[in-house]
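Proteins come first, then strands; the chains are lettered A, B, ... in the order of their sequence lines, and each starts at number 1.
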2 protein chains.
Amino acid sequence: MGVIRKTKAVEVLLKEFNTNSVAISAKALIEQLGDTFNKTTIYRVLDKLEDDGILHSFLGKEGLKWYAKCNGCTSTEHNDVHPHFQCLSCGRVDCLTFTVPLPKIPNRKIEVTQLLIQGKCEECFV
Amino acid sequence: MGVIRKTKAVEVLLKEFNTNSVAISAKALIEQLGDTFNKTTIYRVLDKLEDDGILHSFLGKEGLKWYAKCNGCTSTEHNDVHPHFQCLSCGRVDCLTFTVPLPKIPNRKIEVTQLLIQGKCEECFV
DNA sequence: AATATAACGCAACCTTGTTGCATTAACAAA
DNA sequence: TTTGTTAATGCAACAAGGTTGCGTTATATT
């Protein structure tokens, strides 16, 4: 498990996530880069970058898969489980930096939490 | 907007949600009832029951749409935004009764929150 | 430069969910 | 209880996001 070859697709996709500090959906990436790279390639590179702990993914509104850069994750563990914010006006999604304290639930083991907050972002908020 | 006719499909689907106190995915309902009712019908009835404030929906793992009974919702407002718990062992999903306090986010307006917690449920937890 | 094989492109496919339209059935009124 | 209106249904075809198999290309190693 590892990105072993620095291909064009890997390079271009990584640049996307480095220049934009927001999350990007696979769909948007395909719309944007689909002429340059096959969608299969894009999906596979995203998968691999996630495996390697470089990107993390989550589900946005309507079940679309979004990706964003990781902070301090390794290929063995994704440890930046944080909320995501999706603007209902402009559609933009980004990562929030705080963590939400959850109450202990008796007899259950929490492994993953996915918190998606929807509303109006800074730019769309009047 | 309202369920104006008590049809077989409405009756059977409502019974599903009344006898099981857990959430059920549209997919599971189609697998279970697809011989009796057309999947289109099932999707439409679920839609309508949600419009009427009888069911609420949310996205589970893998972007599947899940439905569960509402508590005190009306056709104009779904006000039971609560976390959902999905067991990674048995796949079962249910509604949690607590609410999670979110920190205020400056310059943003929170409208909806979707919190999906994944882990081991009471039965699968050792 | 030769070579092994990861990565790619393409086409075909899968799944969840939606739409248009003709037919059926729920329910109110006669 | 028959009739008439129209909501609800079934069917087929479609839509969109994503996946798979396989032959070809290109990266990195020797």
[X] [atom1] - [N] [atom2] separation (whole Å):
X: E11(A); N: dC8(C); atom1: CD; atom2: C1'; answer: 16 Å
X: L49(B); N: dA8(D); atom1: CG; atom2: P; answer: 11 Å
X: D47(B); N: dA8(D); atom1: CG; atom2: C1'; answer: 14 Å
X: I42(B); N: dC11(D); atom1: CD1; atom2: P; answer: 12 Å
X: D35(A); N: dC10(C); atom1: CG; atom2: P; answer: 11 Å

Kindly work out whether a path of hydrophobic side-chain contacts (I/L/V/M/F/W/Y, heavy atoms less than 4.5 Å apart) joins L46(B) to I24(B).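 L46(B) clusters together with I24(B).
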Is there a path of hydrophobic side-chain contacts, each under 4.5 Å between heavy atoms, that joins F58(B) and L49(B)?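 Result: no, two separate clusters.
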With sequence neighbours excluded, tell me which residues meet side chain to side chain contact (heavy atoms under 4.5 Å, CB included) with [X].
X: I30(A); answer: K39(A), I42(A), Y43(A)
X: L64(B); answer: K27(B), W66(B)
X: S89(B); answer: C87(B), K120(B), C124(B)
X: Q118(B); answer: V112(A), Q114(A), K61(B), Q86(B), L88(B), L116(B)

Got a sec, which hydrophobics cluster with [X], joining ILVMFWY side chains under 4.5 Å apart, including via others?
X: L115(A); answer: F85(A), L96(A), F98(A), V100(A), L102(A), I105(A), I110(A), I117(A), F85(B), L96(B), F98(B), V100(B), L102(B), I105(B), I110(B), L115(B), I117(B)
X: V22(B); answer: none
X: F125(B); answer: none

Check this for me: does the side-chain of R44(A) come within 3.5 Å of the base of dG18(D) through a donor and an acceptor?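 No pair found.
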Readout for nucleotides 23-30 of chain D: B = base within 4.0 Å of protein heavy atom, S = sugar-phosphate only, - = neither; 5' to 3' it is ---BBS--
Name all pairs fulfilling the salt bridge (charged side-chain N to carboxylate O under 4.0 Å, His left out) condition that reach into residues 99-114 of chain B, sequence neighbours left out, sorted by first residue then second.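 Qualifying pairs: D94(A)-R108(B), E122(A)-R108(B), K109(B)-E111(B).
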Could you note down all residue pairs passing side-chain hydrogen bond (donor to acceptor under 3.5 Å, both in side chains) where residues 28-38 of chain B supplies at least one of them, sequence neighbours left out?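 Found E16(B)-Q32(B), N38(B)-T40(B).
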Identify all pairs in which a protein N or O lies below 3.5 Å from an N or O of nucleotides 11-17 of chain C, and state each distance.
residue : atom : partner : partner atom : Å
dA11(C) : N6   : T40(A)  : OG1          : 3.4
dT16(C) : OP1  : K27(B)  : NZ           : 2.9
dG17(C) : OP1  : K65(B)  : N            : 3.0
dG17(C) : OP2  : Y43(B)  : OH           : 3.0
dG17(C) : N7   : K39(B)  : NZ           : 3.4
dG17(C) : O6   : K39(B)  : NZ           : 2.8

Using C1' atoms of five pairs at each end, report the bend of the helix from dA1(C)-dT30(D) to dA30(C)-dT1(D) rounded to 10 degrees.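 Nearest ten degrees gives 30° for this helix.
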Categorize T36(B) for me: base, sugar-phosphate, or nothing, with a 4.0 angstrom heavy-atom threshold over every strand shown.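 Result for T36(B) = sugar-phosphate.
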